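Working notes, beginning with the structure itself.
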Amino acid sequence: QKLISKGISNKDKYLQDVYNKLLLAQDSLNYGDPKNKLIHKNTIAFAQTHLANIIHDEHLLDTNRDLFSKLKKVKKNTAIVEFVSIPKDNDIQYCAYITERNAEAPKLIYVCNSSDIAPFITTKASDINKIYSDKHRLYDLLWTNIDKHLNDSVDHIILVPTGILNRVNFNAIPCDRGILSDLYSMTRVMNTSSLFTRKNRLNKLDYDAALFGGITYDLSEKEIIEESNRYINHNRNYKRSIEQRNSRGKIKPLVHTLWEIESINKQLCKKDYRTKKFTKVSASEAAFKQFSGNSPLIIHIATHGFYLDNEVKKELLKYYNKHDVLKFKEKSLMYSGLLLSGAQYLWNGNNLEPGVEDGILTADEISRMDLSGTSLVVLSACETALGDIDDTEGVLGLQRAFKKAGVDNVVMSLWPVGDKQTAMLMNCFYENLQRNSSINDALQDAMRKVRSIYPNPTDWAGFVVLR
């Protein structure tokens, strides 16, 4: 009755699909197979809540109608799989909209609950190797139901994860026929609107790249100040995330990162890129910040990434809440970042004078830059895809920061990655990229090559591309 009172036409295929799913699930619950009772209940709950939201929000209805009209523009043999979440009791349900080019409306299907997938979200190497080696566990949980609703001709998936599903590498999910990226070419995006606003600028005539690696983390205060003063000072009106008085131990040098950027530099120079290498002391936070407003086409950073643990966050929250200086999203962007030259000094709890760049580059600082000239950022570091999860904003970390700064594509890692294996993977990635492969295909081919040498998933499956 509420739908009718809103004057919604029977020709509205988008709403019809959601409503029909609701009716079908209700019938199936009453008369269908008892084994599927839980699935039907979850589908009903999701459809009811989603319809209620639309009924009371005309803007949301218009947005969904507009989105579906845009999705008609997707290429042949392409399906968009957009995950959505909804609170249910003390859990979260994950469902998916599946849209194909010639479909009358998106298909709405139930996938799983948050409690079902949570045990599979880990950064522990032994667990990752087990999870991404089992041909059924992840596939049965996340993909079996989706696969049933895909047209046989589909060979390209545009994936829009949400919530903790951002922590899953869908490309590397094993199945009886290999892994999902053997079956589909996959494009991972933050939201569907980015499909129609971004262009591939890697084909432009003016090529330039900045490469960071072989970084010296342990510098004296004098060396840090001298390097910082080489560049224009950046005024800051916010608190840095790492400014605490506790030691975190020695930051280990990454010996293979220098070889990594030297190898990449040779490849790019063959393609007439204008490259600049930042190594040792020169791979500084101040050097990186000079790109704001004039950023190169490619930025490659081979270093340590960090995402603070809960105990450190608690310490920071006490300060932030006491002084009421930051909102939730701003706080979350303080918890992850990259370590550049001289980072050891402040990492150990020492003080630096105001205005000196300390080598600890937070996601918050990156988000305040203008990197709109950059098509590709490669974060060749550990756990650079991690961050606080927000139900509406997604992952609030480095990926959010670089996208907010205007970058088109971000290559990032979901778990700790090995120095030697990562250097090999990145070398293969750029080799593939110079053969005019797409960024996604270049990474997938690089993963396959590393996989043939290092079969453990922790060594080859850690990286994803976010468009």
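What you see below is based on every heavy atom in this structure, not just the backbone, and it leaves out hydrogens, waters and symmetry mates. In this text, all values refer to a predicted model and were calculated from it rather than measured experimentally.
For the 3.5 Å distance criterion, the side chains of His300 and Glu260 qualify, holding a donor opposite an acceptor. Looking at Ser220 and Glu223, their side chains do bring a donor and an acceptor atom within 3.5 Å of each other. Side-chain contact of Gln344 with Asn348: a donor-acceptor pair under 3.5 Å is present, judged by distance alone. Counting only N and O atoms by type, the side chains of Thr275 and Asn265 include a donor and acceptor under 3.5 Å apart. Donor-acceptor pairing under 3.5 Å is recorded for the side chains of Asp370 and Ser372. Remark: the Gln93 side chain and the Tyr110 side chain contain no N/O donor-acceptor pair separated by less than 3.5 Å. Checking Tyr217 against Thr303 by side-chain atom types alone, a donor-acceptor pair falls below 3.5 Å. Using modelled atom types, one finds no donor on one side chain facing an acceptor on the other under 3.5 Å when comparing His256 with Thr422.
Between Tyr132 and Trp415, the distance separating the two ring centers is shorter than 6.0 angstrom. Taking the six-membered ring where the residue is Trp, the centroids of Tyr231 and Phe288 are separated by 6.0 Å or more. Between Phe278 and Phe212, a ring centre-to-centre spacing shorter than 6.0 Å is recorded.
Contact of the Leu361 side chain with the Ile366 side chain is registered, since non-hydrogen atoms from C-beta on lie closer than 4.5 Å. Between Lys107 and Tyr97, every side-chain heavy-atom pair lies at or beyond the 4.5 Å cut-off. Considering only heavy atoms from C-beta on, Leu254 comes within 4.5 Å of His304 through its side chain. For the pair Leu398 and Leu379, the minimum side-chain heavy-atom distance is below 4.5 Å.
Considering CZ of Phe463 and CE of Met447, their distance stands at 10.0 Å, rounded to 0.5 Å. Leu183 CG to Ile157 CD1: the interatomic distance, rounded to the nearest 0.5 Å, is 9.5 Å. A distance of 5.0 Å separates CD1 of Ile264 from OH of Tyr430, quoted to the nearest 0.5 Å.
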Inset, instruction - Mind running side chain to side chain donor-acceptor pair (under 3.5 Å) on Ser153 and Asn151 for me, showing each step along the way? - result: CA-CA 5 Å; Ser153 63; Asn151 192 297; 2.9 Å; yes

Inset, instruction - Mind running side chain to side chain donor-acceptor pair (under 3.5 Å) on Asn166 and Gln399 for me, showing each step along the way? - result: CA-CA 11 Å; Asn166 283 285; Gln399 57 177 285; 5.3 Å; no

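Between Ile179 and the options Arg448, Arg451, Lys135, a side-chain contact (heavy atoms from CB on, under 4.5 Å) holds for only Arg451.
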